[in-house]
Amino acid sequence: MQTINNEDLVLTSEEIETDVLVIGGGTAGPMAAIKAKQQDPSLRVLLLEKANVKRSGAISMGMDGLNNAVIPGYATPEQYVKEITVANDGIVNQKTLFAYAENSYAMIEELDSWGVKFEKDENGDYAVKKVHHMGTYVLPMPEGHDIKKVLYRKLKQTRVNVTNRLVATRVLIADDGRVAGALAFDCRSGVYTVIRAKAVILCTGAASRLGLPASGYLFGTYENPTNAGDGYSMAYHAGAELSGIECFQINPLIKDYNGPACAYVTGPMGGYTANAQGERFIESDYWSGQMMQEFHQELAGGKGPVFLKVDHLAEETISNIETILHSNERPSRGRFHQGRGTDYRADMIEMHISEIGLCSGHSASGVWVNEHAETTVPGLYAAGDLACVPHNYMLGAFVYGRLAGESAASYCANNELAVVDTKQVEAERQRIFAPLARKHGLSPTQVEYKLRRLVNDYLQPPKVARRMEIGLVRFEEIRADLQQMVASNPHELMRAAEVGFILDCAEMAAKASLFRTESRWGLYHARQDYSERNDAEWAVHVQVQKDQSGDMSVFKRALEPYIVEPDDVEKAVYQQIRIQPKGAVVSSGVSHEL
Amino acid sequence: MSFSPIDFPVKVDLNACIADKGCTVCIDACPLDVLVIDPTTGKAGMKYDECWYCLPCEKDCPTQAIRVDIPYLLR
């Protein structure tokens with residue numbers, strides 16, 4: 001190993017100048033960079049990645065399907081927008097959902113033309129499956145493991161500049177409030193890097209390391225743990241509005257492994273979520289807060305644990321499921337099962353309720369964006385799991401990546417580079433590198449462990465005010481502990497910086513959850529002290545923003561008028577997830593007229 | 001730097017690994033940046049116990065020198 005002199009590191013820095021800076025090279029980021037460059041090939045486009053673009057982000061090992069494909073003949077944009085409006089209990093900006101839905105099919109065709117493989121029937125048509133309550137939106141990708149390779153090839157063809165192993169920590173803002181670039185450091189060399197840019201697109205994924213997995217393993221998260229909530233924190237400190245933070249991501253996962261049970265893959269083949277008796281108890285396996293609430297109820301009612309059941313299926317079907325699940329997305333699940341002697345043919349797969357995270361790809365927590373992927377800060381854009389476009393999944397990341405890239409390219413045509421505020425550059429240098437200069441103090445790993453254990457103790461739903469208030473006091477104590485962390489090399493410095501991101505996310509999660517004094521989104525925001533949904537007061541977005549004095553402010557933002565209004569039957573569908581006993585009068589669903 | 005005797009998820013077959021000949025495929029692929037070249041052997045190894053058991057290191061290795069086990073705490 002080369003020896004790095006920590007004192008020297010603090011003083012060295014590099015400066016890079018570009019037109020469009022994309023932070024995060026997973027799913028949305030490569031698409032944003034490609035689309036910015038395609039729209040204006042004269043632009044300098046830099047894709048900055050914390051890991052390596054070849055294998056980064058949520059789809060590092062590919063993806064087993066599209067969860068929200070809006071394909072003509074199966075669904076219309078109007079149907080999709082209505083479905084997600086009710087799935088997210090009404091708290092949506094339908095314009096952003098439409099911008100996704102209307103561009104969904106064109107994006108599938110474009111990805112197909114680039115070489116991404118989707119399942120097709122004998123006629124060559126997309127083989128769409130039904131998983132959602134109302135519409136039909138799931139398009140399997142049994143050979144989806146090469147998607148990163150396809151993206152990488154396209155990045156090279158389009159001549160996007162790529163830089164790996166740079167950890168972005170703050171967005172630079174000029175005096176006039178515009179974006180001026182970003183600050184980063186190299187997690188191997190430790191070199192501090194000032195990137196000047198006209199426009200910045202944040203594509204940093206979910207906040208995966210918020211709650212602590214029940215296993216106690218810090219990196220045993222559902223989302224890629226490289227994504228520590230970096231973008232949520234950067235957008236917050238840049239002064240952007242964030243939205244829906246109280247609508248946590250909580251998933252039904254394989255216990256301990258903490259990866260997806262993949263009912264979307266197995267569902268169309270006959271698999272389902274079952275209780276300990278092997279009985280189905282939810283009508284649909286589509287992930288929603290209401291579905292998680294029923295999962296929680298089933299455990300509380302003594303019928304747990306909950307399992308994924310496929311052991312009743314034919315050998316041929318089970319082999320097919322294994323082939324898909326053990327080669328895509330989280331392929332190590334095969335060896336996890338093998339280690340415990342679990343065989344899909346004979347055993348149900350034990351599931352559990354995950355720790356909390358923030359991820360608009362699955363729920364709704366994100367940086368507030370409009371239908372052009374613009375945040376509330378001029379020159380700052382967001383896309384993917386980070387951007388508040390509810391239930392957006394991978395295809396939404398691609399579509400919003402495209403929108404962000406095109407919007408940023410247009411912005412660059414009318415804006416020059418903003419002046420860099422050297423005070424911000426120096427203040428961030430001091431903040432980031434302080435753990436390297438300390439000779440004695442706290443381990444970033446232990447501070448992270450304690451912080452995330454506190455997140456579990458005080459924020460895991462069901463939520464109640466007093467717990468969250470105590471949590472906020474504990475988080476403030478952790479904030480003081482940040483000033484005592486030590487790091488002996490740039491890698492540990494990266495982990496120390498991430499603790500700061502996680503803490504910002506924890507504070508936002510607590511404050512937004514305290515502010516919304518009602519229950520909504522099933523388990524995601526189940527308040528024990530306000531157990532009813534209250535549309536009269538809370539049919540609004542809850543926004544979090546850093547105010548002028550540097551404090552965290554939380555406020556309501558009115559819903560935009562709906563473009564398509566779900567009817568009463570549709571509105572009730574996601575309120576009635578539990579399977580009713582035979583003969584009962586069901587209050588919702590298309591067959592409710594008895 | 002010597003490697004810990006503690007069992008880590010990423011196992012490298014030192015006979016098959018060609019990191020000493022300039023290969024850095026697994027080190028480049030890891031999203032958590034936990035793999036480095038061990039200066040005592042010139043071979044790749046896991047320096048930080050921060051594994052997502054995601055498998056690009058194993059899948060991309062040109063000599064099939066890597067095997068990723070599920071971390072002990074999850075096994």
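Letters go in sequence order (proteins before strands), and every chain restarts at 1. Computed from a predicted structure; not experimentally measured.
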* Asked: Does D69(B) pair with K11(B) as a salt bridge, N-O distance under 4.0 Å?
  -> yes
For chain B, the option from [options] that forms the most heavy-atom pairs under 4.5 Å:
{"options": "R330(A), K148(A), M61(A), K54(A)", "value": "R330(A)"}
{"options": "T221(A), T445(A), L218(A), V53(A)", "value": "T221(A)"}
{"options": "K255(A), K50(A), E223(A)", "value": "E223(A)"}

* Please determine, by modelled atom types, if Y48(B) and D33(B) share a side-chain donor-acceptor pair under 3.5 angstrom. => no
* To do: May I ask you to check whether Y449(A) and S443(A) show a side-chain donor-acceptor distance below 3.5 Å?
  => no
* To do: Over 60° means perpendicular and under 30° means parallel, so classify the ring planes of Y53(B) and Y217(A), tilted if in between.
  => tilted
* Part of R495(A) within contact of chain B (heavy atom distance under 4.5 Å) -> side chain
* Asked: How many angstroms lie between atom CG of L74(B) and atom OG of S215(A), to the nearest 0.5 angstrom?
  -> 4.5 Å
* **Residue selection (most heavy-atom pairs with chain A, distance under 4.5 Å) from D28(B), L73(B), L32(B)** => L32(B)
* Would you check if the distance from the ring center of Y344(A) to the ring center of H326(A) is below 6.0 Å? => yes
* To do: Pick one of side chain, backbone, both or neither for P56(B), based on which atoms fall under 4.5 Å of a heavy atom in chain A.
  => both
* **Heavy-atom contact with chain A under 4.5 Å, split by part of Y72(B)** => neither
